[in-house]
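Below is one structure, written out as structure tokens; comments come after it.
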Amino acid sequence: MRGQGASRLCSIALAAALVGCAAGPYNLPRNLPLPVRPPDGRQQPHEPTDVLDDVSVAVSFSGGGIRAAAFSLGILQGLDRQALDERSSLLDQLSFITSVSGGSLTSAYYGLHGKEGLLKFQQLLKDGDGEATLRLSLFNPLNLWRLWSGGLNAREDLKGWLEGQVFGDATFGDMYKRGKPLIWINATNLEQRIAFPFQERTLEAMCSDIGSYPLSEAVAASMAVPLVFSPVVLENFPERCAEALPVWVDQHAASSDPSLLSKALLSAVKSARDRGAGRYLKLVDGGISDNLGLTSLHQMRILLGTPYGPWTERDALRVRRLLFIVVDSGRRPNVRWNQSIAGPNAVDVASASIDAAIDTNARLSYDSFLAEIKAWEAAIVRYRCTLPAERVGALVQEKPGWRCDDVRFEVTRISFDDLEPSRASRLSAIPTRLRLDPGDVDALVESGAEAIERSAASQAFLRDARADQAR
């Protein structure tokens, strides 16, 4: 016993020494500065713009590990089963995806490969094991040191899966070459405590190039559960920006807007251009700030300050119908400690507290988005209806029957609760992991497709879209 006790004391002392003298695991930044001039004179890839059609679909994919990735994949397959005519489906009308954590696996893969990659991605989810190279044991003193130093795992521990099996060396520039849908992958900015969408304007504020940034890196940031993973790091390059901050920054600074979110956004933008404020940005799981991926839209609308942003003016003038599908792959509460006066234990308290914070944010985010989408619709209608007469005439000539007030945005939420109760309970019980049984993956995919078919909002939207097509 004495020998074992001494051995344990030595292990603890060694771990403490390591904590005191070593920096711990961390991720080197992989973002590059904005190029001074396009290399070889070639045009740099940019985010797709003018993505909305007369009839458009947008989706948000929640977090939830492979469970969320598979259910979101089923949503895409379900949209593809909804035929508009002999040549196209509702999936062809998909214009925008915002995603978090596990849902970002699906959005990034679809953005890179399109509908041709849907079946291959399903097989990747069945065959893949994102946990094979992860450190998860807390009985190893070295792992305790890593945990104390910021996270059990660094980006390299996911590299064999995310880069080796899923995305390879693909970048945002590779994804942008395909055009629409516009895709935002969301993480959380730890310093400013706001959502961080990987999109062109956000990286440009840091004087950094989005086109060269690896997709696998953005997805890793979106999935970087605190303590399980070390934060993903980005570097600011203020010396590489030839232009001053955009005009809207000064406009926000001079405004009397009391919004705390506006103040946080303004602080984040200014910090990106000030080396004295910090050289590096640390990112963790997007679900910490909003597990539905909707907050980044609200943030960008505040920052841009236009009636139609982040869409373009051309989008605002073209769109007539938009269905925004919020895909929620979250788990229902499932506890045992409510059956007795004792408990919960420390682990259960920590887990339930995190879940409560995430779920509360998600509920508030969704409820706020319902009001936001209607305000967005009204702002676009006002903008269209105050256009000069000659501009209206040109629009009517281009699109006979065009009306300034002919705009309708709708939101619907799809979750496991849209399925029969026993099936919903089984799917909700699937853990938040980076490896699932292949049968569970297939069940989640098929359930997502079926949920779209059962959705009253999506079916009503499909009928309206078919009627528009027949005109």
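Fair warning: this is a prediction, and the values are worked out from it, not measured in the lab.
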Is the distance between the ring centroids of F416 and F71 under 6.0 Å?
yes
Set of ring pair (Phe, Tyr, Trp, His ring centres under 6.0 Å) partners for Y110, sequence neighbours left out:
none
Between D53 and S56, do the side chains contain a donor N or O and an acceptor N or O under 3.5 Å apart?
no
Salt bridge check: are E453 and R81 linked by an N-O gap of less than 4.0 Å?
yes
Inspect the contact between K126 and D442 and indicate whether a charged nitrogen and a carboxylate oxygen are less than 4.0 angstrom apart.
yes
Between the side chains of D54 and R320, is the shortest nitrogen-to-carboxylate-oxygen separation below 4.0 Å, so that they form an ion pair?
no
Hydrogens and angles aside, do S351 and D348 bring a side-chain donor and acceptor to less than 3.5 Å of each other?
no
Give me the one residue out of F196, F96, F172 that meets ring-ring contact (aromatic ring centres under 6.0 Å, His included) with W184.
F96
What I want to find out is whether R454 reaches D418 closely enough, with some N-O distance under 4.0 Å, to be called a salt bridge.
no
Any luck finding a side-chain donor-acceptor pair between D274 and S271 under 3.5 Å?
no
Does a donor on one side chain sit under 3.5 Å from an acceptor on the other, for S99 and S104?
yes
Is it true that the side chains of R193 and S289 contain a donor and an acceptor less than 3.5 Å apart?
no
Residue that, paired with P226, satisfies side chain to side chain contact (heavy atoms under 4.5 Å, CB included) out of L190, I354, T188, D285
D285
Does any donor atom in the side chain of R332 or S425 lie under 3.5 Å from an acceptor atom in the other side chain?
yes
Between E200 and Y176, do the side chains contain a donor N or O and an acceptor N or O under 3.5 Å apart?
no
Quick one: do the S222 and N186 side chains pair a donor with an acceptor below 3.5 Å?
no
Selection residues 383-428 - residue pairs positive for disulfide bond (SG atoms under 2.5 Å apart), sequence neighbours left out
C385-C404
Could you check whether E446 and Q77, counting side-chain N and O atoms only, form a donor-acceptor pair closer than 3.5 Å?
no
Kindly determine whether V441 and I66 satisfy side-chain contact (heavy atoms from CB on, under 4.5 Å), including the steps that lead there.
CA-CA 8 Å; V441 171; I66 300 300; 4.3 Å; yes
Around E420, counting heavy atoms of other residues, nucleotides and ligands shown, do more than 12 lie under 6.0 Å from its CD?
yes
Cationic N near anionic O, under 4.0 Å, E235 to R30:
no
Report yes or no: do D328 and S415 form a side-chain donor-acceptor pair below 3.5 Å?
no
May I ask you to decide whether K180 forms a salt bridge with D50, counting only side-chain N to carboxylate O separations under 4.0 Å?
no
Going by an N to O cut-off under 4.0 Å, is there a salt bridge joining D406 and R321?
yes
Would you call D92 and R87 a salt bridge, taking side-chain N to carboxylate O under 4.0 Å as the test?
no
Validation: residues 368-376 side-chain donor-acceptor distances under 3.5 Å, sequence neighbours left out:
residue	atom	partner	partner atom	Å
S368	OG	L364	O	2.9
E372	OE1	H298	ND1	3.1
E372	OE2	R301	NE	2.9
K374	NZ	E377	OE1	3.3
K374	NZ	F409	O	2.8
W376	NE1	Y308	O	3.4

Quick check: does any side chain N or O of S208 sit under 3.5 Å from a backbone N or O of L32, one acting as donor and the other as acceptor?
yes
No-hydrogen, no-angle side-chain donor-acceptor test under 3.5 Å, S447 and E450
no
Donor-acceptor contact present, side-chain S62 to main-chain L292, <3.5 Å:
no
